[in-house]
Enquirer: 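Sending over a structure as structure tokens; questions will come in a sec.
Chain A is the first sequence line, chain B the second, and so forth, proteins listed ahead of strands; every chain is numbered from 1.
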Amino acid sequence: MFAYIVRRLFAVIVMLLVVTLVTFGIFFAIPKLTGTDPASLYVGKQADPATIEGIRQKLGLGQPILEQFWHFVTGIFAGRDYTGGGTSDHCPAPCFGYSFRTEQAVWPVLTDRLPVTLSLAGGACVIWLLAGVSTGVVSALKRGTRIDRAAMVTALAGVSLPIYFTALLALAVFNNQLGWTKAEYTPFGEDPGAWFSGLVLPWITLAFLYAAMYARLTRATMLEVLGEDYIRTARAKGLTERVVIGKHAMRSTMTPVLTILGMDLGALVGGAILTETAFNLPGLGQAAVTAISNRDLPLILGVVLIAATAVVLANLVVDLLYAVIDPRVRLS
Amino acid sequence: MTTPVTGAAAPAATAYLDVRDLRVHFPTDDGLVKSVDGLSFQLAKGRTLGIVGESGSGKSVSSLGIMGLHTVGQYGRRKARISGEIHFDGKELLTADPEEVRRLRGREMAMIFQDPLSAMHPYFSVGHQIAEAYRIHHDADKKTARKRAVEMLDRVGIPQADRRVDDYPHQFSGGMRQRAMIAMALVNNPSLLIADEPTTALDVTVQAQILDLIRDLQKEYGSAVIIITHDLGVVAELADDILVMYAGRCIERGPAEQVFYHPQHPYTWGLLGSMPRIDRAQTERLIPVKGSPPSLINVPAGCAFNPRCPYADKPEGGLTRTRRPELAPVPGQENHHAACHLPPGERTRIWTEEIAPKL
């Protein structure tokens, strides 16, 4: 078990390195081949050649690409110094460079925005798990009835309605018409009540989409599990339906739900771009959108790395949980 | 394999299990599936009934019906339609409160299923599953229930039961799993044990052990046992009485010895003919029953077996194709009934002259 975790962690590091290399290559090597100088993205169009040259030196853009990559990676762990054009700046570890636009260090921007995204993803996750799984179970148990059909039609709507529609609708009704909520993010540490009221609509909007998917998945899995022989055995033992469903059937139903949950959560940490944009939440997704439209290469790179790390770690956690849930899974 | 089962069947004055005209029908998109259509039998405590028939003849469906497993877990779907009477220990089960039947289930009547790998929950340890069956019917703490599970595993012949109790089903071999399944069924000393093809998923050497185990346990606890199988060899090993099912109905029933040595129904002849026997010359081929089991939605008119019966045209006036034969006592043989239009004398003649010599 321990050896397995160590091996998986090692694989995680390798994978992140590859992701870094590819992303880095896309942003810093390919522009070179197509004749766009990353340095000119930094300084803007009207800069004179001397300034560009200074920036190029300071960011080390003249060096071979692998050397640049090496500096970037070591910078993350040890920090690095940018020297050139007569000035020298020390960027402390973990150093992801400086934003081309705001000249802020990228790492503090990321750590500022990560809590917003985590708040959004975490809260939404609680809602969609509760709503989605219970809807799925009820639907399965009421299969073919009106309740089932109503639930599945709602779920279909949830899957098909785009977030930018449901989000705007929610904002228009609850925010503008009824004035129940405030479309503004407040950190939890400042005012938990305001944090909650600012996030309720984004949570529900995001959770609606996911709850719909989880309800469908739970329903399908539950129906399959209810047909299993071991459910019949559980009933033959004289167990109550509460135990048969709640313990025996649920245990098996949760396995695929957990798999999807790990991936979804990992992906959401990379930024619920649409939700964050629609509700103007200063999270990672919004940062990514701004960074891309600004051609802010270091910031994009930072967000991509955070997202990749989240996905890879979430998958690791899911695999470990698998072994806890299903005794047939051996980690080796 | 045809060792006669000793002891002629004597009908118990008050049958412990008395099934009367049991019907289990399932509505489907294609029509009404009449899985069991008018089944009656009695079973006394301490005796073993073998129910024999092809797949789809209604064996398992009837036993699940007795356990009340067609009425629980019928969520939202079109429900199974059950009618008739099931008297168990003086209580009628079909009209009883489902909660009352649930409390009987697992405690007074228990079931062993065919494939122990799929019939045990893969995520719970064997000991947990046995202990769970015990705790639902007894006010016992976890420790006592676990001790009981170890005891039962030991009783059914699991070596080092105190260590294997925490293993999961996939860590057991097929035979071990079936033993564990039996331990789970017997943990509450049920007075009725239904074994649904208990040896089908096992290899031959293990089959004999499991049958021995069931027989020993029955002696020990004096339970009534229903053993469902398509394997006449299994029935010959265990059963006092045999009930042959075809298309949801009983077509022949009687004491095992009589059914084996004086079978009355052409379908029973067919079953006997398709049974491999070690004492038969190898030059003879097995004689399968021709054709395939009938549709349970459109059961053939008349005798359900008529499309496959080599003697269907013997009774005059196409009787076999128009009127369904009712179970009738076989003259001169106590408690032996058969549902066939052939005159009893003719049946005896065909069996002794045409069929028996070839077996």
Enquirer: B/Leu117, B/Leu64, B/Ile136: which one forms the most heavy-atom pairs within less than 4.5 Å of chain A?
Expert: B/Ile136
Enquirer: Would you call A/Arg328 and B/Tyr168 a side-chain contact if the rule is heavy atoms closer than 4.5 Å?
Expert: no
Enquirer: For chain A, which residues from residues 181-191 of chain B have at least one heavy atom closer than 4.5 Å to it?
Expert: B/Met181, B/Met184
Enquirer: Would you indicate whether B/Tyr221, at its atom OH, is surrounded by more than 12 heavy atoms from other residues, nucleotides or ligands within a distance under 6.0 Å?
Expert: yes
Enquirer: A side-chain contact here means heavy atoms from C-beta on lying under 4.5 Å apart; do A/Lys237 and B/Arg107 qualify?
Expert: no
Enquirer: Under a 4.5 Å heavy-atom cut-off, does chain B meet the side chain of A/Val244, its backbone, both or neither?
Expert: neither
Enquirer: Using a cut-off of under 4.5 Å for heavy-atom pairs, which of B/Glu132, B/Gln171, B/Met67 has the most such pairs with chain A?
Expert: B/Glu132
Enquirer: Looking at A/Ile325, A/Thr255, A/Thr240, which one has more heavy-atom pairs under 4.5 Å with chain B than the rest?
Expert: A/Thr240
Enquirer: Nearest 0.5 angstrom please: B/Asp115 CG to A/Thr233 OG1, how far?
Expert: 10.0 Å
Enquirer: In terms of heavy-atom pairs under 4.5 Å, which option from A/Leu239, A/Val243, A/Ile231 contacts chain B the most?
Expert: A/Leu239
Enquirer: Enter the distance from A/Glu241:CD to B/Arg102:CZ here, rounded to the nearest 0.5 Å.
Expert: 9.5 Å
Enquirer: For chain A, find which of B/His137, B/Met111, B/Arg103 contributes the most heavy-atom pairs closer than 4.5 angstrom.
Expert: B/His137
Enquirer: Does anything in residues 118-130 of chain B get under 4.5 Å of chain A by heavy atoms, and if so which residues?
Expert: B/Ser118, B/Ala119, B/Met120, B/His121, B/Pro122, B/Tyr123, B/Phe124, B/His128, B/Gln129
